[in-house]
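Okay, structure first, notes after.
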Amino acid sequence: MARLSPILKQATPVTVSHAEGLFVFGEDGRRYLDFTAGIGVTSTGHCHPRVVRAIAEQAGKLIHGQYVTVKHRPLLTLCERLGQVLPGELRSLFFANSGSEAMEAALRLVRQATGRPNVIVFHGGFHGRTVGAASMTTSSPRFRTGYAPLMGGVHIAPFPYAYRYGWDEATTTRFALRELDYLLATVTSPDDTAALVVEPVLGEGGFVPANTAFLDGLRERADRYGFLLVLDEVQTGMGRTGRFWGHEHFGVRPDVLVAAKGLTSGLPLSFIAASEALMSKAPPGSQGGTYGGNAVACAAAIATLDVIADEGLVANAAAKGRRLADGLAGIAADNDVIGDVRGLGLMLGCEFSTRDGEPDPATALRVQQEAIEAGLLLQIGGPWRNVLRMLPALTVSEEDVDDALRIVSHAVKTAQA
Ligand code: PMP
C-alpha cells in the first residue's frame, strides 16, 4: 500500500467527506466550522452552487485548451472581467497555476524588464516554495533549510512588524525605511536592484498589515531609483481584507500585482498583472506553461467574480471582519496570553506571548487543538508558530463569527488551565 509522504505536515486530523459553505464534514461524521478556507482559497465558501455549475458546464465544453496553442473564451472573458477590478494601468495579464509559479513569473518579468539582477524582499514575507519564490521567502527557515544554495540576488529589509520590535507603528516604519536605505547604500545599489517585493499583509508571516507610510516610502524609492514595486496579493486579494485588493487600504500603486488563492474558489489558477508597456519589455515567449489559464479554472474564476459582486462579499468581509476583530480584542483583554490582535477584514490573527513577552507557540497550539476538538478549524502561522490565524470564506455570517468567537474564547481558557 502506498501512502501520503511524511513531508506533508498535517494541521488537523480531519479527513473530509464533503463540504458546503462555511462547513466541512469529516468522514468521522463530524461537522467543522471552517475558518481556514483552504488557506484563503474558498472565497465564496465551499462548493458555491454558481461556481459548481460553472465548473460542470465548462467541463462539458472544454477542459484544457493549452493557451499558447489556442485561445479560449473563458480565458478571454476572465481577462475582461479582471480588467474591471484591477488598478490603473495593470491591463496586461499572464496566467499560471499556483502562487509560487506566479511569483516566479513576476521575478522573471522584473529582471528581464529592468536588466537588473537583484530584488529586495521584506522580512517575514512568504512568496512560495519553488527555488526563486523560496529564495524570496523569509517567514521561516522551514522553506529554506537543506535546500541551499538558493537563488542569489535576494536582499532582505525589515517589514514594519511593530509588535515584534516593541515600538509604535510610526517608529517601526521609520526604522524599516531607514534600514532599506542603508541596504541600498551598502549592499545592493539602486542600479543593481530590479524590484521591491512585498505583501500588503504578511500572510504566513503572522498576519501583520503594512501601513500607508511604509508603502508610500517604497513607492517613492521605486520612483526615485527605477525599481518595480511588486505586490504579492496571493493571499490578500479578491476581497479577503475587506477591500478588493489589500493594497487599496494604503492607496499605493503597484507596478506588478500577483494573485491566486481566492480567485477561483478552489481550482489552481494564478496571474500576474502589469502594464502593457512593462510586459512588452520581456521577450515574447519568455513565459508560458502547459496548464496556465486552464479553461475550467477560468470558468470558476468568472463565477467567483460574479458571486463576489452579486452577493456583496467585499463589504461582507469588511463588516464580519470588524465583528470578528472586536470579539478577538475582547478575548485578548481577558487573557494575558494574547499579546496582539491584528489584521484586515477577514484576515485576522492573535499572537500568543508569555507574560514576559516571549513567543508562546505551545499555548497557540493548544488553543488550535481545543478549537478543532470543539468543531472549529483554525490555522497557525507566524515566525514562531505562535499566531492563530482566521480567514473564513467571505460568505461568513454573523452567527458563524459568533460561534467561532465562543469556541476560541473557551479554547483560550482551557489551554491555560
Ligand atoms: N504568496 C503568498 C502571499 C502566499 O500566501 C502563498 C501561499 N501561502 C504563496 C505566495 C504561494 O502560493 P502557492 O502555495 O499557491 O504556491
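Order of appearance sets the numbers: ligands from 1, and atoms from 1 within every ligand.
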Checklist line | Nearest neighbour in protein (non-hydrogen) for atom 5 (O) of ligand 1 | finding: Q235 NE2, 2.7 Å

Note to self: For the aromatic rings, using the six-membered ring if either is Trp, is the centroid distance between Y67 and F95 under 6.0 Å?
What the structure shows: no

Next item on the list: Give the atoms of ligand 1, by number and element, whose distance to some non-hydrogen atom of D232 is under 4.0 Å.
Entry: 1 (N), 2 (C), 3 (C), 10 (C)

Note to self: Are any of the N/O atoms on E199, whether in the backbone or the side chain, positioned under 3.5 angstrom from an N/O atom of ligand 1?
What the structure shows: no

Next item on the list: Take the angle between the ring planes of F227 and Y225 and call it parallel below 30°, perpendicular above 60°, tilted in between.
Entry: tilted

Next item on the list: Quick one: look at K261 and ligand 1, take heavy-atom pairs under 4.0 Å, and tell me if it's side chain, backbone, both or neither.
Entry: side chain

Notebook entry, point to check: Taking only heavy atoms of E204, which atoms of ligand 1 are found under 4.0 Å from at least one of them?
Noted result: 8 (N)

Margin query: Is it the case that the ring center of H18 lies less than 6.0 angstrom away from the ring center of F25?
Written below: yes

Next item on the list: Assess the pair F126 and F143: is the distance between their ring centroids shorter than 6.0 Å?
Entry: yes

Hey, can you pull the donor-acceptor pairs under 3.5 Å for the side chains in residues 32-43, sequence neighbours left out?
residue : atom : partner : partner atom : Å
Y32     : OH   : D28     : OD2          : 2.9
D34     : OD1  : T36     : N            : 2.8
D34     : OD1  : T36     : OG1          : 2.6
D34     : OD1  : A37     : N            : 3.1
D34     : OD2  : H46     : NE2          : 2.7
T36     : OG1  : G38     : N            : 3.4
T42     : OG1  : A37     : O            : 3.4
S43     : OG   : G262    : O            : 2.7

Notebook entry, point to check: Checking side-chain contact (heavy atoms from CB on, under 4.5 Å) for the pair L109/V256: CA distance, chi angles, key distance, verdict?
Noted result: CA-CA 9 Å; L109 173 67; V256 181; 4.2 Å; yes

Next item on the list: Write out the residue and atom name of the closest protein heavy atom to atom 11 (C) of ligand 1, then the distance separating them to 0.1 Å.
Entry: S100 N, 3.5 Å

Notebook entry, point to check: Do any N/O atoms on G99 end up under 3.5 angstrom from N/O atoms on ligand 1?
Noted result: yes

Check: If you measure from the Lys or Arg side-chain nitrogens to the Asp or Glu carboxylate oxygens, is any gap between R30 and E373 under 4.0 Å?
Finding: yes

Next item on the list: Number the atoms of ligand 1 from 1 as they appear, then name those within less than 4.0 Å of a heavy atom of S98, with their elements.
Entry: 15 (O), 16 (O)

Next item on the list: Return a yes/no value for E101: is any of its N or O atoms, backbone included, closer than 3.5 angstrom to an N or O of ligand 1?
Entry: no

